[in-house]
Structure formats: C-alpha cells, structure tokens
Amino acid sequence: MSSIPSKRRIALIDGNNFYCSCERVFQPKLNGRPLIVLSNNDGCAVSRSNEAKALGVKMGQPLFKIPAEIKHQGLIALSSNYALYSDLSNRMMRIMGEVTPRQEIYSIDESFIDLSHGSLARSLATAKELRSRIVRAIGIPTCVGIGATKTLAKLANHVAKKSIVPDLDGVFAWESLNEADVSAVMATITVGEVWGVGRRLTEQLQSMGICSALDLKRADRATMTKRFSVVLARTVDELNGEACLVLDDVTPSKQQIMTSRSFGQTVTEQDQLAAAITKFASRGAEKLRQQRSVANAVQVFAMTNRFAVDEPQYTPSILVPLSIATDDSMRITRAALYGLKCFYRPGFQYKKAGVMLTGLESRRDRQLDLFSTYDESRSNRLMAAMDAVNSRYGRDTLRLAITSGTGAAASAMRRERKSPGYTTQWGEIPVAVC
DNA sequence: TCTGGGGTCCTAGGACCC
DNA sequence: TCTGGGGTCCTAGGACCC
C-alpha cells in the first residue's frame, strides 16, 4: 500500500459564472457587460456575470420579474447553449485531470482533485498554474479552494471567489492560515454558504443561534444528528477536518434518468402530451444506453402550471413496471404512453411533463443473472464453451460471448474446433438475449 | 403573457413476512 | 383498554446540490 499523507489536501476548482464565461469566450464583446444566461424557454436566469450580480439580478430569477430599471442598464440576456457549455466543460476537465490522476468531476463546471502530495507551497503553485493554463487554453476564469475535506475545499473556494482574504489571486487554502485566523474567517461566512446547508436548514439553524460557518463547526454533533439528520452531522465533521465524503474518481452510473420539459404554451390534448412523452421516453432510453444500463420501471408525470394558483391543479404521476429490464426505446415508450393513458384527464392546462427511468442496473449484471434461468446441462455446456474462449482470448472476449447468448457462443466454438485456423469474430455475433 | 432541468440522499410509514 | 418483534421492500416526500 502506498503511504497515505497525514493531511489530505483536496482542491475544488470551478469555472466562474460558467455559462456566462462560455458565452464570452465566443463573444469577447460581452466582456465587462452585465450578462445573464437563461433557462429553457428563456424562463429564468441560471448564470449571471459579476456585472449582472452587481445590478441585483438574482439566481433563478424569472426574466419577466427582473425590474425594468435593471434591464435598461444594458443587461444582456442570452438563451442557453448546452452543447457549447458541455464542450468547453470537457476541455476544462481534461486540463484539470492532467495535474493529478485523482479527479472527481462533480458538475459541468467543477472538479475535486487531490493535491495531497508535497508541500503546501507546491500545491498552491500547482493550483495557480492550473488557473492560468485553463484561462490561456480555453478562456474560462476559475477559482480554487483547498482544504482537508470536500466541504472545507468548497468553503475555501467561496473565500477565493469572494476575496474574503486579501491577495489571493483566485486560490485559497485553509492551511495557509493559523487556527485563530481560520476561525475569524469562518465567523464572517453565513451558515447558508456551507455545502449541504440550504434555505430550510439555514432558517432552522439560525433560530438555534447557529449563524456562521464557525458556529456550525462548533455545533454539537449529537444534537445535529437528533434534531436534523446524519447528513448535517457529517457536515459538522467535515468542517472539523474529518473526511466523511470520499473523493470519487470513477464517475458512478446514474441511478435514475430523467427527461422533462416545460411547455412554452400549455397543452390540453392527450395527443400533444403523447407526442412530448414519446420524445422524452426515447431520449431517456438513449441516455440509458450511453451508460450501458437497463431500466426496470418507467415513471411518467405531467403537471399543470403551479404558479397559476387560481386554475385547477393536477399533478399526476404513475410508475409503470417493465416485465423485463430493458433499454429498448419501443418498450420504454410503450410503457410511458400506457402510463399517460392511465392518468390523463381532459380539461386541464398541462404545463410540464416528463419521463423518469428508474430501477436501473447495469446491462452486464442482468445478463449474468439470466443464467440462473437456464437448465443445468445447458448452462454447463455454455460455461465450458466460455471457459475455452476465455483462456484463449481473455476476459473481454468472455464478455462479448456472454452478450451473444448460448446458441451463438456454442456453435461458434464448434466451428472453431472443427476447422483450425477459423477465428470467430466475436463482436459480430448477433446479440441474442431472450 | 412570461416562472429550468437535471440529479442525490435520507426519513417515515405502510405492506408483508416469519 | 390491552393485541410481538423484527426484518425487508416499496413509496412518497423533503431537503439539498448545480
């Protein structure tokens, strides 16, 4: 086992005002201007430039609710372009990953990376070098926060971003302060800025007199568990430098896949909903295949406009189990449309609908499970055939043979035995899963 | 008039089983 | 009046994140 450094040093790097910065890469004339990027249907502001924040535009604020005075001060609002953002994200992540083998891509614009190795000075230098490389190569400004745990790294990133400590140059590490200064800085940060503390928790914590990050760090763990949950207790631990959240450097596959949209205009007819749901279901199946999973159930939902409080509300949802786990668009779409048929009621103004694929499992697990349904002698023959393939071609071929089904694998093996020199193209065997 | 689209984890409560 | 004790699985709902 390699030696574990006594002090973990985890860095969180993220792009500043990411979507806005992406737009500026391609339209430099937007630099210095108050800019926002809008959600789907141009509904809400989902990213704001510093200038837009200074004008008072709030995160998630609906465009139509932004006061005219602000709009008249040159505010520029752009529709979102996710293809562009994810492309720039990929490039940024690649550069981040070059610094260390241990990288967890946490969201479209942020990564945790491990900088435990070496001195603090060296880690700081690495972080600064990374920032300038990203800005040179891609044009996206970033900030880096460094701490002993993920929660501390997040909080350090906040310090860097808001320049709470002077002369940071976009990089801040808790380690560079003594204990008294750490406390002093944490005392100035409101508790709601701590990762995992949202609006609700902030209210409740404040009513208990826990108002700053420092207060939460010093809070009693047992009380937090009892009054709230183990999640908040873990946050307390993390603030105290005790790691509860590991750095996940392999991206785990999704446990559920959602595809949904708000409609620009409300719809009433079943046909219109069916058209949308068909699209969501096949898009979901596509995402499913991308991560090589199969779904055991399809959840379909629709909802009326929750903001139109005077209109009748209806938010039906139904879970349709699939008889066998699948990634097949047709099966999934059929299940989704069946769900719609069950809950559809005329006379409502539907504003949004969606399809969620749940009960996901990896395709390979499922196919291994299928063996339990085979009879023994058949199963033995298959295993013998595959052992032979395995010893000859290695594990990858075994995987291919499994996905090819019993008959195909066995007969291919027979052909090989009969005519030496004949090599099966395993990857080309048609998939014959029941 | 106009109000995003994804995800995660935890908890509580009911059904069911032995 | 009072009615076991555990376990699992499922669902709904809440809170959080970006």
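Order of the sequence lines sets the chain letters (A, B, ...), proteins ahead of strands, with each chain counted from 1.
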With a 4.0 Å cut-off on heavy atoms, is A:T259 in touch with a base, just the backbone sugar-phosphate, or nothing at all?
-> sugar-phosphate
What nucleic acid atoms does A:L319 come within less than 4.0 Å of, heavy atoms only: base, sugar-phosphate, or nothing?
-> sugar-phosphate
Sugar-phosphate only, base, or nothing, as touched by A:Q61 at under 4.0 Å among non-hydrogen atoms | nothing
Check whether any side-chain heavy atom of A:Q291 sits under 4.5 Å from a side-chain heavy atom of A:K287, and report yes or no.
-> no
Take atom C1' in C:dG4 and the same atom in B:dC16, then report the distance between them in whole Å.
-> 15 Å
Thinking salt bridges, do A:E23 and A:R33 make one under a 4.0 Å N-O criterion?
-> no
Does the pair A:E51/A:R24 count as a salt bridge with the N-to-O cut at 4.0 Å?
-> yes
May I ask you to say what A:D109 touches in the nucleic acid, namely base, sugar-phosphate or nothing, with a heavy-atom cut-off under 4.0 Å?
-> sugar-phosphate
Touch class at under 4.0 angstrom, heavy-atom based, for A:F18 against every strand present | nothing
Less than 4.0 Å between a side-chain N and a carboxylate O, is that true for A:E286 and A:R283?
-> yes
Assert: residue with more 5' nearest nucleotide on DNA chain B, out of A:G43 and A:K254, is A:G43
Applying side-chain contact (heavy atoms from CB on, under 4.5 Å) between A:L130 and each of A:I113, A:T100, A:T142, report the one that passes.
-> A:I113
Approximate separation, where rounding is to 0.5 Å, of A:T259 OG1 and A:I257 CD1 | 7.5 Å
Taking 4.0 angstrom as the limit, do A:D327 and A:R292 come out as a salt bridge?
-> no
Which is true for A:V194 with a 4.0 Å heavy-atom rule: it touches a base, it touches only sugar-phosphate, or it touches nothing?
-> sugar-phosphate
Go ahead and name the base partner of C:dC17; Watson-Crick or wobble counts if both distances stay under 3.5 Å, otherwise write none.
-> B:dG6
Where chain A begins and ends its contact with DNA chain C, read 5' to 3' at 4.0 Å from heavy atoms | C:dT11 to C:dC18
Nearest-nucleotide wise, let me know which of A:K287 and A:F307 is further upstream toward the 5' end of DNA chain B.
-> A:F307
Note: A:I164 and A:I189 closest approach over all heavy atoms is CD1-CG1, 4.1 Å
Do A:H117 and A:R122 touch side chain to side chain, with heavy atoms closer than 4.5 Å?
-> yes
Within residues 200-227 of chain A, find the residues that approach DNA chain C with a heavy atom at under 4.0 Å, and present them sorted by residue number.
-> A:R200, A:L201
